[in-house]
Structures are given as C-alpha cells and as structure tokens.
Amino acid sequence: VQLQASGGGLVQAGGSLTLSCAASGNIVSINAVDWYRQAPGKQRELVASISTGSSVDYADSVKGRFTISRDNAKKAVYLQMSSLKPDDTAVYYCNADLSVINPHGIATFDYWGQGTQVTVSS
C-alpha cells in the first residue's frame, strides 16, 4: 500500500499548480484526506480537508484560492492551487485514511504521502 503526492514545482506568484495524492496497492477505498504543508522553520499546518462524503474545509490563508477534490474511482485526491503567493512555498503532504485488504479482512489505516515541494517565486 502506498500513498504518493505529486505535482509540485516552481511557479511564479499568481500562477497555478495542481497537486495529486494517489493511493495504490490493495486499496478498497480512500476515505478522508487532508493536505498539509510545512515551510522551512515553521510547523506543519493543515491546508485543506475533504471527507468521504466530499465535505471540504480550508485554512483561512487559502480560502478562495485552493480547491480540494476527489476521484473515488481513481483513488485520488487533488489540490488545485491558484493565485499562488510566495508564502505558499512549502513541502505539501497528503494524509489519508485508507481502507485496505489484509489477511484479516478490511481495515482502515492512516497513511502519509512523501511530500512534494511547491516553490512560488516573487
């Protein structure tokens, strides 16, 4: 079972990026997912959340600029980021509850993706 975050890169202020968080392996479903970010010298902060039922929530700092969405068939969650600012520069991580098949049946575990760097230049 693997959770992989991708899509980061270098973008100018005002630009856009879309991050992906994809689950692979013996996955039954990807459930609630959070996107976090951590800038150098700062604590990791929660950026956006999406529930199993697609209810969403955002940090005040990204409301109106970021959109979280999910594709259950692809077992993936996306974070569309627009009007990016230099303050958005950070490593972005996804954290997901995954229902997985194991020898005992189906169980739900918490997984972290490996992080993807987003750098916004001024």
Side-chain angles (χ1 to χ4, degrees):
V1 175
Q2 194 172 21
L3 189 67
Q4 185 159 1
S6 61
L10 174 63
V11 64
Q12 287 189 330
S16 301
L17 281 175
T18 297
L19 306 183
S20 299
C21 177
S24 60
N26 289 331
I27 307 295
V28 175
S29 62
I30 181 168
N31 306 316
V33 178
D34 299 318
W35 279 99
Y36 288 82
R37 67 185 180 187
Q38 187 165 20
K42 295 187 177 180
Q43 288 189 330
R44 190 171 295 190
E45 64 168 333
L46 179 61
V47 174
S49 302
I50 188 165
S51 72
T52 304
S54 295
S55 296
V56 300
D57 196 16
Y58 300 95
D60 287 343
S61 58
V62 306
K63 278 181 182 176
R65 299 188 300 120
F66 289 13
T67 302
I68 189 170
S69 61
R70 63 189 302 139
D71 185 332
N72 291 330
K74 293 184 178 180
K75 298 183 177 66
V77 169
Y78 307 98
L79 186 68
Q80 295 173 276
M81 306 184 296
S82 61
S83 301
L84 284 162
K85 306 174 183 179
D87 284 350
D88 295 318
T89 295
V91 178
Y92 284 70
Y93 299 89
C94 59
N95 174 242
D97 288 335
L98 302 179
S99 293
V100 303
I101 299 171
N102 67 17
H104 305 289
I106 297 174
T108 299
F109 298 98
D110 183 74
Y111 288 85
W112 284 90
Q114 83 285 9
T116 185
Q117 176 71 48
V118 172
T119 303
V120 184
S121 62
S122 57

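What you see is a predicted model; the values in this text were computed from it and never measured.
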Are [X] and [Y] joined in one hydrophobic group, where the rule is that I, L, V, M, F, W and Y side chains link up if heavy atoms are under 4.5 Å apart?
X   : Y    : result
V62 : V77  : yes
V56 : M81  : yes
L79 : L84  : yes
V33 : V100 : yes

- disulfide bond (SG atoms under 2.5 Å apart) pairs touching residues 41-82, sequence neighbours excluded, are none
So, for [X] and [Y], which heavy atoms are closest and what is the spacing to 0.1 Å?
X   : Y   : answer
A90 : Y92 : O-CD1, 3.4 Å
A32 : T52 : N-OG1, 3.6 Å
I30 : I27 : N-CG2, 4.4 Å

- Message: Any non-hydrogen side-chain atom of F109 less than 4.5 Å from a side-chain atom of V1?
- Response: no
I'd like to know if the side chain of [X] and the backbone of [Y] have a donor-acceptor N/O pair within less than 3.5 Å.
X   : Y    : result
S29 : N31  : no
Q4  : Q114 : no
T89 : V120 : yes

Throw together a table of side-chain donor-acceptor distances under 3.5 angstrom for residues 17-26, partners on residues two or more places apart or in other chains.
none

- Message: If I take atom SG from residue C94 and atom CD1 from residue I68, how far apart are they, to the nearest 0.5 angstrom?
- Response: 9.5 Å
- Where at least one partner belongs to residues 1-34, residue pairs that pass ring-ring contact (aromatic ring centres under 6.0 Å, His included), sequence neighbours excluded: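 Of all non-adjacent pairs touching residues 1-34, none passes ring-ring contact (aromatic ring centres under 6.0 Å, His included).
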- Sequence neighbours excluded - ring-ring contact (aromatic ring centres under 6.0 Å, His included) pairs with any residue from residues 34-72: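 ring-ring contact (aromatic ring centres under 6.0 Å, His included) check on residues 34-72 returns Y36-W112.
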- Query: Who else is in the cluster with V28 when I, L, V, M, F, W and Y are joined by side-chain contacts under 4.5 Å?
  - Reply: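 Reading the cluster by chain and number, V28 sits alongside I101, I106.
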- Task: Give every residue pair that meets the salt bridge (charged side-chain N to carboxylate O under 4.0 Å, His left out) criterion with at least one member in residues 37-63, sequence neighbours excluded.
- Result: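 Found R37-E45, R37-D88, D60-K63.
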- Kindly state each residue pair satisfying salt bridge (charged side-chain N to carboxylate O under 4.0 Å, His left out) with at least one member in residues 21-36, sequence neighbours excluded.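 Residue pairs passing salt bridge (charged side-chain N to carboxylate O under 4.0 Å, His left out), neighbours aside: none found.
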Partner set under side-chain hydrogen bond (donor to acceptor under 3.5 Å, both in side chains) for [X], not counting sequence neighbours:
X    : answer
D110 : N95
Q117 : T119
S121 : none

- Message: Test: side chain to side chain donor-acceptor pair (under 3.5 Å). Region: residues 71-85. Which pairs qualify, not counting sequence neighbours?
- Response: R70-N72
- Message: Pair S99, T108 - check side chain to side chain donor-acceptor pair (under 3.5 Å), show working.
- Response: CA-CA 4 Å; S99 293; T108 299; 3.1 Å; yes
